[in-house]
Amino acid sequence: MRPFRLAAIAAALFIATGTAQAQDRKPCPEGLICASDPATVMRAMDKAGLKPKQTTDKQGDPMIESDEGAYHFDVYFYGCEQNKNCDSLRFEVSFKKEDENTTDLANRWNRGKRFLQASVPEDGRFVAAYDVATIGGLTERNFADVLDWWTSMLVELGEFFQKELDLKPKA
């Protein structure tokens with residue numbers, strides 16, 4: 001009888017979790033920015049002057065390509081259900097494989113930064129990313145702050161590279 005009771009409890013928890021997740025996947029409330037509605041993200045980025053272009057990633061989930069200053073970056077949509085109803089965003093800038101791309105360099109960046117985290121995957125690229133949950137939606141002001149943090153961190157990343165790698169600015 002005990003295994004049956006455990007199975008019933010596990011099934012009830014599974015159903016409750018599924019119901020809670022389904023409730024979290026409500027349409028994006030009007031006037032808010034949500035990963036579940038890529039058009040809202042596009043409009044907010046366009047309003048910020050980032051010239052977004054909507055595409056899809058390798059899994060078929062929505063993705064946005066954009067540029068800020070000298071950097072091309074992507075915005076990935078995560079927590080998607082069948083390529084829709086996503087719950088979070090990942091702003092990511094990636095630099096091609098170079099000898100200077102080391103985990104030590106990424107760790108030096110990460111020691112002093114809270115929002116933008118760097119890594120060097122096995123393929124040798126240097127990647128910096130900023131993750132944002134949008135469940136329930138973000139106000140325009142909140143999302144403008146997200147974009148401001150992102151663009152500010154890109155500027156700081158460029159300064160970090162110049163300092164750490166002793167790069168000379170292009171004339």
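- Contact check for Cys80 versus Pro62: side-chain heavy atoms found under the 4.5 Å cut-off.
- The side chain to side chain donor-acceptor pair (under 3.5 Å) analysis of residues 53-65, with sequence neighbours excluded, yields the pairs Asp61-Asn83.
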Practice task
Check the pair Phe126 / Glu98 against side-chain contact (heavy atoms from CB on, under 4.5 Å), numbers first and verdict last.
Solution key: CA-CA 8 Å; Phe126 187 95; Glu98 299 282 349; over 6 Å; no
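- Tracing side-chain contacts under 4.5 Å through hydrophobic residues (I, L, V, M, F, W, Y), one reaches Phe95 starting from Trp109; they form part of the same cluster.
- Considering CG of Asn85 and SG of Cys28, their distance stands at 11.0 Å, rounded to 0.5 Å.
- Within the structure, salt bridge (Lys or Arg N to Asp or Glu O under 4.0 Å) contacts touching residues 116-137 (residues at least two apart or in different chains) are Arg90-Asp131, Asp123-Arg125.
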For residues 41-52, please give each side-chain donor-acceptor pair under 3.5 Å, one per line with the distance, not counting sequence neighbours.
residue: Lys47; atom: NZ; partner: Glu140; partner atom: OE1; Å: 3.0

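- Distance check, rounded to the nearest 0.5 Å: OG1 of Thr151 to OH of Tyr71 gives 12.5 Å.
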Handout entry: Worked check of side-chain contact (heavy atoms from CB on, under 4.5 Å) between Thr134 and Leu89
Key = CA-CA 7 Å; Thr134 67; Leu89 304 169; 4.1 Å; yes
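- Hydrophobic clustering of Ile, Leu, Val, Met, Phe, Trp and Tyr side chains at less than 4.5 Å, counting indirect connections, keeps Val132 apart from Val127.
- When all heavy atoms of Asp87 and Gly79 are compared, the closest pair comes out as OD1-CA, 3.4 Å.
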Practice task
Dump the intermediate steps for side-chain contact (heavy atoms from CB on, under 4.5 Å) on Phe160 and Arg108, then the final yes or no.
Solution key: CA-CA 9 Å; Phe160 170 80; Arg108 287 198 308 269; 4.1 Å; yes
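- Linking ILVMFWY residues whenever their side-chain heavy atoms come closer than 4.5 Å, directly or via other members, places Phe161 and Met153 in the same cluster.
- Taking Phe73 as the reference, Trp150 meet the ring-ring contact (aromatic ring centres under 6.0 Å, His included) condition, with sequence neighbours excluded.
- Under the 30°/60° scheme for interplanar angles, the aromatic rings of Trp149 and Phe115 are found to be tilted.
- Ser152 pairs by the side-chain hydrogen bond (donor to acceptor under 3.5 Å, both in side chains) definition with nothing, not counting sequence neighbours.
- Note on residues 40-70: no pairs pass ring-ring contact (aromatic ring centres under 6.0 Å, His included), not counting sequence neighbours.
- Here the shortest heavy-atom pairing between Val120 and Thr103 reads CG2-N, 4.1 Å.
- There is a path of hydrophobic side-chain contacts, each under 4.5 Å, that joins Leu116 to Leu165.
- Using a distance-only test at 3.5 Å, with no hydrogens or angles considered, a donor-acceptor pair links the side chain of Asn110 to the main chain of Ala118.
- What you find for Asn101 and Gly124 is that their closest heavy atoms are ND2-O, 3.0 Å.
- From Glu92, atom CD reaches atom OG of Ser94 across 6.0 Å, with rounding to the nearest 0.5 Å.
- Side chain of His72 to backbone of Ser66: a donor-acceptor contact under 3.5 angstrom is found.
- Rounded to the nearest 0.5 angstrom, Asp37 CG and Cys86 SG are separated by 10.5 Å.
- Aromatic ring orientation, Phe143 versus Phe91: tilted (interplanar angle from 30° to 60°).
- For the pair Cys34 and Pro29, the minimum side-chain heavy-atom distance is below 4.5 Å.
- When hydrophobic clusters are built by joining Ile, Leu, Val, Met, Phe, Trp and Tyr residues whose side-chain heavy atoms come closer than 4.5 Å, directly or via intermediates, Leu32 is not grouped with Leu147.
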